[in-house]
Amino acid sequence: MTTPPVLFLSHGAPPLADDARWTAELARWSGSFEKPKNILMISAHWEDAPVTVSPTQRKVPLTYDFWGFPQHYYDVRYDAPPAPELASEVSGLLAAKGVDVQHDETRGPDHGAYVPLVEMYPEADIPVLQMSMPTLDPHALVDLGRALAPLRDRGTLIVGSGFTTHNLRWFNPRAGADAAPPAASSEFDHWAAETVGSGDLDALERMLEVAPAAHEAHPRTEHWAPLYVAAGAAEASGASERAVAVDGFWFGLSKRSRQFS
């Protein structure tokens, strides 16, 4: 098995499934590299300290962490196998850094995890483990990613699932998915493209201080934070290529996504 890349993807809301362009982009992306042994998902929608991982003993229902959508979005299933071996590896790697890992045997993957996976691996035949973010502190999350870097050599696809810009006040269904984005979203996306592409971890960690329109693009940083885990894992495992896999905007939000390899 070749070493899987590390991904940062903009995961979309449940209606992502209705966007033919974006779903095709995700499907092409996952088909561009070898199928991984298992998947570690770090989603913007699970903040829990200490670090907590999803069920490993049995399959549990998905976490439908959204409200007011049509019923068919709550009928989506993604019955990927649990990943007990991966959970043990995560626990061992983090324990070596003095980080405790807990298990939540009741919480199924949230939409930041399963929405993109439905499009990327629709067969749901790859074991998936979701891991919480214990903090939004950039440096701590980069260090967390560094600690997880050896998983790549064991066949694990590490995925940070967030959004390159995430201000839901910009979301206007009447304007359509392809409407021109707000200037703030475009400005931040341009900065993100250059900064992630150059591998400038210091600037990434100081995003709120140095990026244009940072506080508008991310009124709260939970959707940017998974990038730190991905960037840390990429750096520590020698992934020097930082290719853009998906770009463009969706209802004003940047869906720019990266592959580190």
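Residue numbers count from 1 along this sequence.
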Looking at every heavy atom in both A83 and P127, which two are closest together, and how far apart are they? CB-CB, 3.7 Å
What class does the angle between the rings of H223 and H11 fall in, given that below 30° is parallel, 30 to 60° is tilted and above 60° is perpendicular? tilted
Whether K35 and D125 form a salt bridge (side-chain N of Lys/Arg under 4.0 Å from carboxylate O of Asp/Glu) is what I want to check. yes
Transitively linked via ILVMFWY side-chain contacts under 4.5 Å: L148 with L141? yes
Heavy atoms, side chains only, cut-off 4.5 Å: are P226 and M133 in contact? yes
Linked, directly or transitively: V6 and V229 (ILVMFWY side chains, under 4.5 Å): yes
Looking at every non-hydrogen atom in both residues, tell me the closest pair between W29 and A245 and how far apart they are. CE2-CB, 3.2 Å
Does T221 form a side chain to side chain contact (heavy atoms under 4.5 Å, CB included) with L208? I'd like the steps, not just the answer. CA-CA 9 Å; T221 60; L208 288 175; 3.9 Å; yes
Does some side-chain heavy atom of V53 sit less than 4.5 Å from a side-chain heavy atom of D104? no
Would you check, one step at a time, whether the test side chain to side chain contact (heavy atoms under 4.5 Å, CB included) holds for L16 with V118? CA-CA 10 Å; L16 164 62; V118 165; over 6 Å; no
Taking M131 as the starting point, is it possible to reach V159 by hopping between hydrophobic residues whose side chains are less than 4.5 Å apart? no
Examine distances only and state if a side-chain atom of S43 and a backbone atom of H45 form a donor-acceptor pair shorter than 3.5 Å. yes
Enumerate the residue pairs fulfilling side chain to side chain donor-acceptor pair (under 3.5 Å) with a member in residues 78-94, sequence neighbours excluded, ordered by first and then second residue. K37-E85
Side-chain (S185) to main-chain (P181) donor-acceptor, under 3.5 angstrom: no
Interatomic spacing from CD1 in I126 to CG in N38 - rounded to 0.5 Å: 9.0 Å
Is the shortest distance from a Lys or Arg side-chain nitrogen in R21 or D178 to a carboxylate oxygen in the other one below 4.0 Å? yes
What pair of heavy atoms forms the shortest contact from D19 to A177, and how long is it? OD2-CB, 4.3 Å
Can you find a side-chain donor-acceptor pair between D200 and S198 that sits under 3.5 Å? no
Out of W170, W191, F188, which residue meets the ring-ring contact (aromatic ring centres under 6.0 Å, His included) rule with H218? F188
Would you kindly say whether Y73 and D18 are connected by a side-chain donor-acceptor distance under 3.5 Å? yes
Can you name the nearest heavy-atom pair linking V244 to D247, along with the distance? CG1-CB, 4.0 Å
Pairwise side chain to side chain donor-acceptor pair (under 3.5 Å) hits with a residue in residues 52-69, at least two apart: T56-E105, Y64-R77, D65-H111
Would you mind reporting whether L9 and M120 have side-chain heavy atoms less than 4.5 Å apart? yes
When rounded to the nearest 0.5 angstrom, what distance separates CG in D48 from OG1 in T135? 12.0 Å
Using only atom types and a distance under 3.5 Å, with no angle test, would you say the side chain of S257 pairs donor to acceptor with the backbone of S10? yes
Is it true that V142 and L93 fall in one hydrophobic cluster, defined by side-chain heavy atoms closer than 4.5 Å? yes
May I ask you to decide if S261's main-chain N or O and R242's side chain share a donor-acceptor pair within less than 3.5 Å? no
Can you tell me how far the OG atom of S161 sits from the CH2 atom of W46, to the nearest 0.5 Å? 14.0 Å
So CG of L40 and CZ of R154: to nearest 0.5 Å the spacing works out to 12.0 Å
W250: partners by ring-ring contact (aromatic ring centres under 6.0 Å, His included), with sequence neighbours left out: W22
Counting distance only, does the side-chain N/O of Y228 pair as donor-acceptor with the main-chain N or O of L144 below 3.5 Å? no
CG-CD1 distance between L157 and I39, expressed to the nearest 0.5 angstrom: 5.5 Å
Carboxylate-amine/guanidinium proximity below 4.0 Å for E25 and K255: yes
For side chain to side chain contact (heavy atoms under 4.5 Å, CB included), just list the numbers for L168 and F163, CA-CA rounded to whole Å, side-chain angles, deciding distance to a tenth of an Å, and then say yes or no. CA-CA 11 Å; L168 295 184; F163 235 123; over 6 Å; no
Closest approach of F8 and G162, non-hydrogen atoms and distance? CE1-N, 3.9 Å
Would you check if the side chain of Q259 reaches a backbone N or O of A243 as a donor-acceptor pair within less than 3.5 Å? no
Would V51 and Q102 count as a side chain to side chain contact (heavy atoms under 4.5 Å, CB included) here? Give the steps. CA-CA 6 Å; V51 172; Q102 295 190 0; over 6 Å; no
Sub-3.5 Å donor-acceptor pair from the side chain of Q130 to the main-chain atoms of D110, do we have one? yes
Kindly assign one of parallel, tilted or perpendicular to the pair F171 and F251, based on the angle between their ring planes and the thresholds 30° and 60°. tilted
Distance (rounded to the nearest 0.5 Å) between T165 OG1 and E216 CD: 11.0 Å
Donor + acceptor pair across side chains of D189, T164 (<3.5 Å): no
Tell me, yes or no, whether the heavy-atom count around H190 atom NE2, taken from other residues, nucleotides or ligands under 6.0 Å, exceeds 12. no
Can you tell me if S254 uses its side chain to pair, donor with acceptor, with the backbone of R256 under 3.5 Å? yes
Listed partners of R28 passing salt bridge (Lys or Arg N to Asp or Glu O under 4.0 Å), at least two apart: none
Can you see which heavy atom on A87 is nearest to which on H103, and at what distance? CB-CE1, 4.0 Å
Under the side chain to side chain donor-acceptor pair (under 3.5 Å) rule, collect the residues that match up with E235, sequence neighbours excluded. R146
Listed by chain and number, what are the salt bridge (Lys or Arg N to Asp or Glu O under 4.0 Å) partners of E241, not counting sequence neighbours? none
Are L253 and L7 co-members of a hydrophobic cluster defined by side-chain heavy atoms under 4.5 Å apart? yes
